[in-house]
Amino acid sequence: METVLGARPDTNEGDLLEVLSLLVHDYEQKKHKIEALSPIDALKYEMEEQGLTQSGLAKRLGIVRAVYPKS
């Protein structure tokens, strides 16, 4: 598959790449299916992978901590 990875569509190599891609996709769906994560679980996973805390994520997203007046 690596040898035809950059193949152009509508060429022999492009057709081979398309068929190989379909076969890999089908195999992965049958043997190694990955269930979709909920948005919260995906965010938690990404934070863990990048070593981010909640405040670090907020900073990266440009979220400023809300300050409420004391009543």
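The basis for the numbers below is simple: all heavy atoms, side chains too, and nothing from hydrogens, waters or symmetry mates.
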* To do: Spell out, yes or no, whether Leu16 and Leu5 are grouped together once hydrophobic residues are joined by side-chain heavy atoms under 4.5 Å, including indirect joins.
  => yes
* Interatomic spacing from CG in Leu43 to CG in Leu37 - rounded to 0.5 Å -> 11.0 Å
* **Gln54 atom CD, over 12 foreign heavy atoms within 6.0 Å** => no
* For Asp41, look at atom CG and say whether over 12 heavy atoms of other residues, nucleotides or ligands are found less than 6.0 Å away. => yes
* Could you pull out the closest heavy-atom pair between Ala7 and Gly14, with the gap in Å? => CB-N, 3.5 Å
* Asked: Just wondering, are more than 12 heavy atoms of other shown residues or ligands nearer than 6.0 Å to CD in Glu48?
  -> no
* Between CD on residue Glu18 and CD on residue Glu13, distance to nearest 0.5 Å -> 13.5 Å
* **Flag if over 12 foreign heavy atoms under 6.0 Å of CD1, Ile34** => no
* Nearest heavy-atom pair of Gln50 and Glu46: which atoms, and what distance? -> NE2-OE2, 2.8 Å
* **Neighbour count above 12 (heavy atom, 6.0 Å) for Ile40 CD1** => no
* Structure fact -> Apart from Leu23 itself, members of its ILVMFWY cluster (side-chain separation under 4.5 Å) are Val19
* To do: Show your working on side chain to side chain contact (heavy atoms under 4.5 Å, CB included) between Asn12 and Val4 and close with a plain yes or no.
  => CA-CA 10 Å; Asn12 287 339; Val4 292; over 6 Å; no
* Atom pair CZ/OG of Arg60 and Ser55 - distance to nearest 0.5 Å -> 11.5 Å
* To do: Flag the pair Leu57 / Ile63 as yes when at least one side-chain heavy-atom distance between them is below 4.5 Å, and no otherwise.
  => no
* **Closest non-hydrogen atom pair between Ser21 and Met1, with its separation** => OG-CE, 3.4 Å
